[in-house]
Amino acid sequence: MTTILVTGGTGTLGRPVTERLRAGGHEVRVLSRHSEPYAVDLRRGGIGLDTALAGVDTVVHCATTQRGGDERSAVNLIAAARRAGVAHLVHISIVGVDRVPLGYYRSKLAVEKLVEESGLGWTVLRATQFHDLVVQVLQSLAKVPVVVLPAHAADQPVAVAEVADRLAGLAAGAPAGRVPDLGGPEVRTFESLARAYLTATGRRRAVVNVPLAGKTYRAFREGGHLAPEHAVGKGTFEEYLTVRYGGGADGRRG
């Protein structure tokens with residue numbers, strides 16, 4: 001039986017990854033800041049991290065934050081994994097981290113490099129944005145009467161469950177290096193995603209597209225975060241909305 005540690009194992013992606021690995025017969029340890037018995041802040045490392053990794057064969061690194069600290073967390077995790085003799089480090093990243101000059105993306109790219117140079121057997125999977133994240137953005141934008149969107153922007157949302165399936169499969173296998181990207185089934189204009197969300201949640205909002213400036217917007221506009229050649233996901237945004245909101249015809253808010 002393989003012993004696998006999932007960092008961020010209580011999060012949006014980490015939780016379903018953990019469930020799938022356990023269903024596959026693996027012994028799984030969940031590491032997060034508040035999850036006993038392996039409550040560890042990766043940014044600080046320490047004895048708790050060494051304890052969590054003792055006897056672990058594979059690490060699936062899902063823990064991340066947009067508040068900064070991912071690189072420090074990776075450095076601590078890799079050092080402890082090497083001390084523990086971990087054989088395989090699986091890391092989830094984002095499509096476009098090498099093309100979009102967003103601070104968070106640059107940090108994710110730096111973590112990829114740390115993983116590749118770790119001296120451990122490694123696997124890196126890049127995925128497009130989760131349906132959940134698109135909805136979070138749209139929830140915020142729809143708080144006012146007019147939804148203002150970046151003009152000429154598109155997205156390719158993917159189901160978290162499908163990314164979890166792929167990660168669990170990679171964790172159960174041998175180190176594979178950088179594997180093919182995992183993209184959602186459709187490249188959609190952001191306006192079409194917004195209108196689908198508004199319909200599903202029963203909101204009535206005007207939608208306005210506004211051109212923006214800057215290198216980051218240009219990279220998004222040019223599709224640097226998309227993977228149309230790897231549109232292997234099956235679950236559509238509308239299917240996700242139906243499950244989450246039940247169609248929205250009753251005017252529920254989301």
Side-chain angles (χ1 to χ4, degrees), residues 1-32 35 38 42 52-53 55-64 70 73-74 77-78 81 84-98 108-109 111-116 118-134 156-186 225-237 239-240 243:
M1 179 185 297
T2 303
T3 300
I4 300 176
L5 176 75
V6 180
T7 73
T10 60
T12 299
L13 177 60
R15 190 182 302 275
V17 169
T18 297
E19 292 170 353
R20 284 154 175 76
L21 289 171
R22 284 178 174 158
H26 302 285
E27 178 187 339
V28 182
R29 301 177 187 176
V30 171
L31 185 145
S32 73
S35 180
Y38 304 112
L42 280 174
L53 285 165
V56 166
D57 304 293
T58 298
V59 173
V60 183
H61 186 34
C62 297
T64 186
D70 276 7
S73 294
L77 177 63
I78 289 167
V86 169
H88 188 189
L89 175 57
V90 181
H91 175 58
I92 180 66
S93 190
I94 307 170
V95 170
V97 292
D98 53 346
K108 295 292 285 187
L109 182 61
V111 172
E112 283 189 12
K113 186 174 181 181
L114 289 169
V115 169
E116 293 169 9
S118 66
L120 303 168
W122 61 275
T123 302
V124 170
L125 170 67
R126 291 180 182 176
T128 53
Q129 305 296 334
F130 299 159
H131 291 142
D132 310 60
L133 179 60
V134 175
Q156 190 181 351
V158 67
V160 169
E162 294 179 331
V163 181
D165 288 341
R166 183 78 173 112
L167 269 186
L170 291 169
R178 169 83 185 281
V179 298
D181 296 344
L182 175 53
E186 302 173 313
H225 60 306
L226 306 177
E229 68 280 14
H230 295 292
V232 296
K234 304 298 183 184
T236 67
F237 190 58
E239 289 169 343
Y240 169 81
V243 171

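Computed from a prediction, not measured in an experiment: that's the story for all the values here.
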### Message
Test your reading of the model: is there a side-chain donor-acceptor pair from Thr2 to the backbone of His26, 3.5 Å cut-off?
### Response
no
### Heavy-atom pair of closest approach, residues Ser35 and Val30
OG-CG1, 3.8 Å
### Task
To the nearest 0.5 angstrom, please state how far the CD1 atom of Ile92 sits from the OG1 atom of Thr7.
11.0 Å
### Query
Restricting to pairs with a member in residues 158-184, which pass side chain to side chain donor-acceptor pair (under 3.5 Å), not counting sequence neighbours?
Arg20-Asp165, Arg178-Asp181
### Task
State, with a plain yes or no, whether a side-chain heavy atom of Leu167 is found less than 4.5 Å away from one of Pro16.
no
### Message
Main chain of Gly184, side chain of His230: is a donor-acceptor contact present, judged purely on distance under 3.5 Å?
### Response
no
## Note on the structure
Between Leu21 and Ala168 the two heavy atoms that sit nearest each other are CD2-O, 3.7 Å
### Task
For residues Thr128 and Val158, report the shortest heavy-atom separation together with the two atoms involved.
O-CG1, 3.5 Å
### Task
Could I get the full list of side-chain contact (heavy atoms from CB on, under 4.5 Å) partners for Ala74, not counting sequence neighbours?
Val111, Leu114
### Query
Does the side chain to side chain contact (heavy atoms under 4.5 Å, CB included) test come out yes or no for Thr123 and Leu89, once each step is laid out?
CA-CA 6 Å; Thr123 302; Leu89 175 57; over 6 Å; no
### Query
Do the charged groups of Lys113 and Asp98 touch, with an N to O distance under 4.0 Å?
no
### Query
Any side-chain heavy atom of Arg29 sitting closer than 4.5 Å to one from Ile4?
no
### Task
Work out which heavy atom in Pro157 is nearest to a heavy atom in Val134; give both atom names and the distance.
CB-CG2, 4.0 Å
### Query
So how far is it from Ile78 CD1 to Ser118 OG, rounded to the nearest 0.5 Å?
5.0 Å
### Query
Is the backbone of Ala227 close enough, under 3.5 Å, to the side chain of Gln156 for a donor and an acceptor to pair up by distance?
yes
### Task
Nearest 0.5 Å please: distance from the CD1 atom of Ile94 over to the OG1 atom of Thr64.
6.5 Å
### Query
Could you go step by step and tell me if Asp57 and His88 meet the side chain to side chain contact (heavy atoms under 4.5 Å, CB included) rule?
CA-CA 7 Å; Asp57 304 293; His88 188 189; over 6 Å; no
### Query
What distance do Glu239 atom CD and Thr236 atom OG1 have between them, rounded to the nearest 0.5 Å?
3.5 Å
### Query
Would you say Arg22's side chain and Val28's backbone share a donor-acceptor pair under 3.5 angstrom?
yes
### Message
Between His91 and Trp122, does the side chain to side chain contact (heavy atoms under 4.5 Å, CB included) criterion hold? Intermediate values first, please.
### Response
CA-CA 8 Å; His91 175 58; Trp122 61 275; over 6 Å; no
### Query
Where do Val124 and Ser93 come nearest, in terms of heavy atoms and distance?
CG1-CB, 4.3 Å
#### Entry: Distance (rounded to the nearest 0.5 Å) between Leu31 CG and Leu42 CG
5.5 Å
### Message
As an exercise, state the distance from CG of Asp132 to OH of Tyr240, rounded to the nearest 0.5 Å.
### Response
3.5 Å
### Message
So if I apply the side chain to side chain contact (heavy atoms under 4.5 Å, CB included) rule between Val59 and each of Val6, Leu77, Val90, which one comes out positive?
### Response
Leu77
### Task
Provide the closest heavy-atom pair for Ala171 versus Val60 in the form atom of the first, atom of the second, distance.
CB-CG2, 3.5 Å
### Message
Please identify which of these residues, Val86, Thr58, Val56, meets the side chain to side chain contact (heavy atoms under 4.5 Å, CB included) condition with Thr3.
### Response
Val56
